[in-house]
Amino acid sequence: MKLNRRLILCLLWLWPAMLWATDSNAPATWNQLSPEEQQVLKPFQERWDSLPPERREHLQQGAKRWQTMTPEQREQSRDRFARWQKMTPEQREQARKRYERFRQLPPEQQERLRQRHAWFKNLPPEKRAELREKWQNMTPEQRQQFKEKWRRENGVADERSPRMHPDRTERLERPGRMMQR
């Protein structure tokens, strides 16, 4: 009986410390954010404290990353975000799926695709447009032959792996997407 009382008294005595420890793990309120974080997260100011804790934590981490970016990286990020916002929900879902398939590829294949994408992006705009037009003018059979040849040359034998155009990290079935950029 005395042991139970001691245990209860001990728990009651420790209760405020346990509450304080729990609160320290809680996501920051708007007023707890640094001025730099508040500046980056200004669009969320009105609803910040009502956002789910995971969302606030994610946004706060993004704001910290933003502060470490170079001006060029920030501009690229703005461009990607603007393109993302213009996408339909279906296009966003397709993009998420493509990204997830890319993440499941072995690191060597990911690196190969990054290199091909960088190669394509570094081409003069006229050459990129020429390659896109060539692709768009291919028949479905020619595209299939091209894909098979590219897979053989790049060691992509698994049909479940993403079908990528050799010059960019876009799926072959959606070549026109690059034209929207």
Side-chain angles (χ1 to χ4, degrees), residues 33-34 36-44 51 54-181:
L33 296 174
S34 71
E36 295 82 13
E37 289 172 330
Q38 287 181 352
Q39 179 64 34
V40 172
L41 297 169
K42 191 147 183 75
F44 299 96
L51 290 173
E54 316 80 51
R55 179 81 169 127
R56 283 189 273 171
E57 181 65 31
H58 182 73
L59 288 167
Q60 190 175 7
Q61 288 173 0
K64 288 177 182 171
R65 272 195 316 274
W66 181 264
Q67 292 168 18
T68 64
M69 289 181 178
T70 65
E72 295 80 24
Q73 290 171 324
R74 288 181 179 186
E75 186 59 34
Q76 289 172 350
S77 184
R78 281 187 198 101
D79 291 345
R80 282 192 302 269
F81 185 67
R83 280 196 313 269
W84 180 260
Q85 288 194 308
K86 290 178 185 174
M87 294 170 81
T88 65
E90 295 80 20
Q91 290 171 323
R92 289 180 186 181
E93 184 59 29
Q94 287 174 345
R96 284 185 192 101
K97 287 178 181 176
R98 279 194 307 268
Y99 178 69
E100 199 49 47
R101 282 196 311 266
F102 175 79
R103 285 177 39 114
Q104 292 173 2
L105 290 174
E108 315 81 53
Q109 277 187 306
Q110 288 183 13
E111 186 55 33
R112 241 180 302 176
L113 289 171
R114 283 188 188 103
Q115 288 172 357
R116 297 294 285 188
H117 181 70
W119 172 82
F120 184 79
K121 293 295 268 185
N122 287 327
L123 289 175
E126 316 78 55
K127 182 67 175 169
R128 286 195 310 250
E130 178 186 323
L131 289 173
R132 281 189 199 110
E133 184 178 343
K134 183 178 178 181
W135 174 256
Q136 290 172 340
N137 290 331
M138 286 182 181
T139 65
E141 294 78 24
Q142 290 171 323
R143 287 181 183 181
Q144 185 62 35
Q145 290 171 352
F146 184 86
K147 288 189 281 187
E148 289 169 4
K149 179 183 175 195
W150 185 82
R151 282 190 196 116
R152 280 192 310 273
E153 291 173 357
N154 291 281
V156 181
D158 187 358
E159 271 299 311
R160 291 175 297 135
S161 59
R163 293 169 183 84
M164 304 298 226
H165 188 284
D167 300 327
R168 60 182 184 263
T169 57
E170 298 290 329
R171 285 183 44 191
L172 287 169
E173 291 80 9
R174 306 247 358 247
R177 187 173 180 310
M178 290 294 287
M179 298 297 283
Q180 297 169 357
R181 292 187 179 172

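Gln61 and Glu57 share a side-chain donor-acceptor pair at under 3.5 Å. In this model, no donor atom of one side chain and acceptor atom of the other lie less than 3.5 Å apart for Gln145 and Glu141.
A cation-pi arrangement is found for Arg116 relative to Trp119, the charged atom lying closer than 6.0 Å to the ring centre and inside a 45° cone about the ring normal.
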Stepwise side-chain contact (heavy atoms from CB on, under 4.5 Å) test for Arg103 and Tyr99: CA-CA 6 Å; Arg103 285 177 39 114; Tyr99 178 69; 3.0 Å; yes
Candidate pair Phe120 and Arg132, rule side-chain contact (heavy atoms from CB on, under 4.5 Å), full reasoning: CA-CA 11 Å; Phe120 184 79; Arg132 281 189 199 110; 3.6 Å; yes
Leu105 and Arg101: CA distance, side-chain angles, deciding distance, side-chain contact (heavy atoms from CB on, under 4.5 Å) verdict: CA-CA 7 Å; Leu105 290 174; Arg101 282 196 311 266; over 6 Å; no
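Within the model, atoms NZ of Lys134 and NZ of Lys127 stand 7.5 Å from one another, a figure rounded to the nearest 0.5 Å. Note that NZ of Lys64 is 12.0 Å distant from CG of Leu59, once rounded to the nearest 0.5 Å. Residue Thr68 holds its OG1 atom at 10.5 Å from CH2 of Trp66, rounded to the nearest 0.5 Å. Going from atom NZ of Lys42 over to atom CG of Leu33 covers 12.0 Å, rounded to the nearest 0.5 Å. Rounding to the nearest 0.5 Å gives a distance of 9.5 Å between CD of Glu130 and CG of Leu123. Atom CZ in Arg112 sits 9.0 Å away from atom CD in Gln115 (nearest 0.5 Å).
Of all heavy-atom pairs between Arg55 and Phe44, the closest is NH2-CE2, 4.0 Å. Gln60 and Leu41 make their closest contact through CA-CD1, 4.3 Å (heavy atoms, listed as atom of the first residue, atom of the second, distance). Closest of all the heavy-atom pairs between Arg74 and Gln67 is NH2-CA, 3.4 Å. Nearest heavy atoms, Phe102 versus Gln110: O-NE2, 2.9 Å. The nearest pair of heavy atoms linking Lys121 to Arg128 is O-NH1, 2.7 Å.
When the shell of 6.0 Å around CD of Gln39 is examined, it contains 12 or fewer heavy atoms from other residues, nucleotides or ligands. A 6.0 Å sphere centred on CZ of Arg78 holds more than 12 heavy atoms belonging to other residues, nucleotides or ligands.
For Arg96 and Glu93, the salt-bridge test passes: some basic side-chain N is under 4.0 Å from an acidic carboxylate O.
Annotation: side chain of Glu75 is not in contact with side chain of Glu72 (no heavy-atom distance under 4.5 Å).
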